[in-house]
Amino acid sequence: MRHSDQPSIDLARAEDYQAIADIYNVFIQGGESTMEEDIHTRAHIEGWVKKFNERERLFVLKKEGQVIGWAIIKRYSDRKGYRFAAETAVYLHPDALGKGYGSYLKTYVIGQCRELGYHHLVAKIFATNDISIEYNRKLGYTIVGRQKEIGFKNGHWQDVVIMQLVL
């Protein structure tokens, strides 16, 4: 990505929540990237943020003032022993895919995780989503396991690949 093409990354604000929901809904309906099945609204996203602890974050990626993607850092578990582990995820508007924006945003998220004191990052990906698996691999994540038939989506059982990045 050329410097002039570089979008901005900011903490999500209330006025961004509908755009976040709209992007997420594309992937919910597409069925290949999330086990969510219910369409999300602005209120769903606001609910996420209200439940965040002090080390969880929701970011937006904006180009020319428009939200073209979002990323989340959320606790892996509320059990205290897992306090240094976080799950990360990035979603981009379909028009923004394949342009380097996802790597730009996830690299930023990894940096934020370091600043927040996380040691272990987790990404859970549909086993059939080769593009996402490879994208995470390029950012340093490694596959540590495969959960067979962990979810039911699109009328059949789905396997999920677990990837990790130890900081």
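Throughout, residue positions are numbered sequentially from 1 according to the sequence presented.
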Worksheet entry | Residues H156 and Q158: side-chain donor-acceptor under 3.5 angstrom | yes
Discussion item. Within a 6.0 Å radius of atom CD on E15, are there more than 12 heavy atoms belonging to other residues, nucleotides or ligands?
Written reply: yes
Practice prompt. Could you note down all residue pairs passing ring-ring contact (aromatic ring centres under 6.0 Å, His included) where residues 11-31 supplies at least one of them, sequence neighbours left out?
Written response: Y24-H40, Y24-W48, Y24-W70, Y24-Y91, F27-Y91
Response to the item:
In this structure, CZ of R114 is separated from NE2 of H119 (nearest 0.5 Å) by 10.5 Å
Fill in: Value rounded to 0.5 Å, distance of CD in E87 from NZ in K74
4.5 Å
Practice prompt. List the steps and the verdict of side chain to side chain contact (heavy atoms under 4.5 Å, CB included) for V160 and M35.
Written response: CA-CA 10 Å; V160 169; M35 290 292 176; 3.7 Å; yes
Fill in: Backbone of H93 reached by a side-chain donor or acceptor of Y101 within 3.5 Å
no
Fill in: Stepwise side-chain hydrogen bond (donor to acceptor under 3.5 Å, both in side chains) check, T88 with Y118
CA-CA 11 Å; T88 62; Y118 287 111; over 6 Å; no
Practice prompt. Could you give me the CA-CA distance, side-chain angles and deciding distance for Y108 and V90, then say whether side chain to side chain contact (heavy atoms under 4.5 Å, CB included) is met?
Written response: CA-CA 11 Å; Y108 179 84; V90 168; over 6 Å; no
Discussion item. Other residues, nucleotides and ligands only: do more than 12 of their heavy atoms fall within 6.0 Å of OH on Y76?
Written reply: no
Worksheet item: Measuring from K124:NZ to I150:CD1, what's the distance to the nearest 0.5 Å?
Response: 8.0 Å
Discussion item. Is it the case that the side chain of E56 and the backbone of R75 share a donor-acceptor pair, with hydrogens and angles ignored and the cut-off at 3.5 Å?
Written reply: yes
Worksheet item: In terms of side-chain heavy atoms, does Q18 have a donor or acceptor partner in D22 at a distance below 3.5 Å?
Response: yes
Item to complete: Indicate, with yes or no, if L11 and V109 share a hydrophobic cluster defined by side-chain heavy-atom contacts under 4.5 Å among Ile, Leu, Val, Met, Phe, Trp and Tyr.
Response: yes
Fill in: Neighbour count above 12 (heavy atom, 6.0 Å) for L97 CG
yes
Worksheet item: Above 12 or not: heavy atoms from other molecules or residues under 6.0 Å from OH of Y82?
Response: no
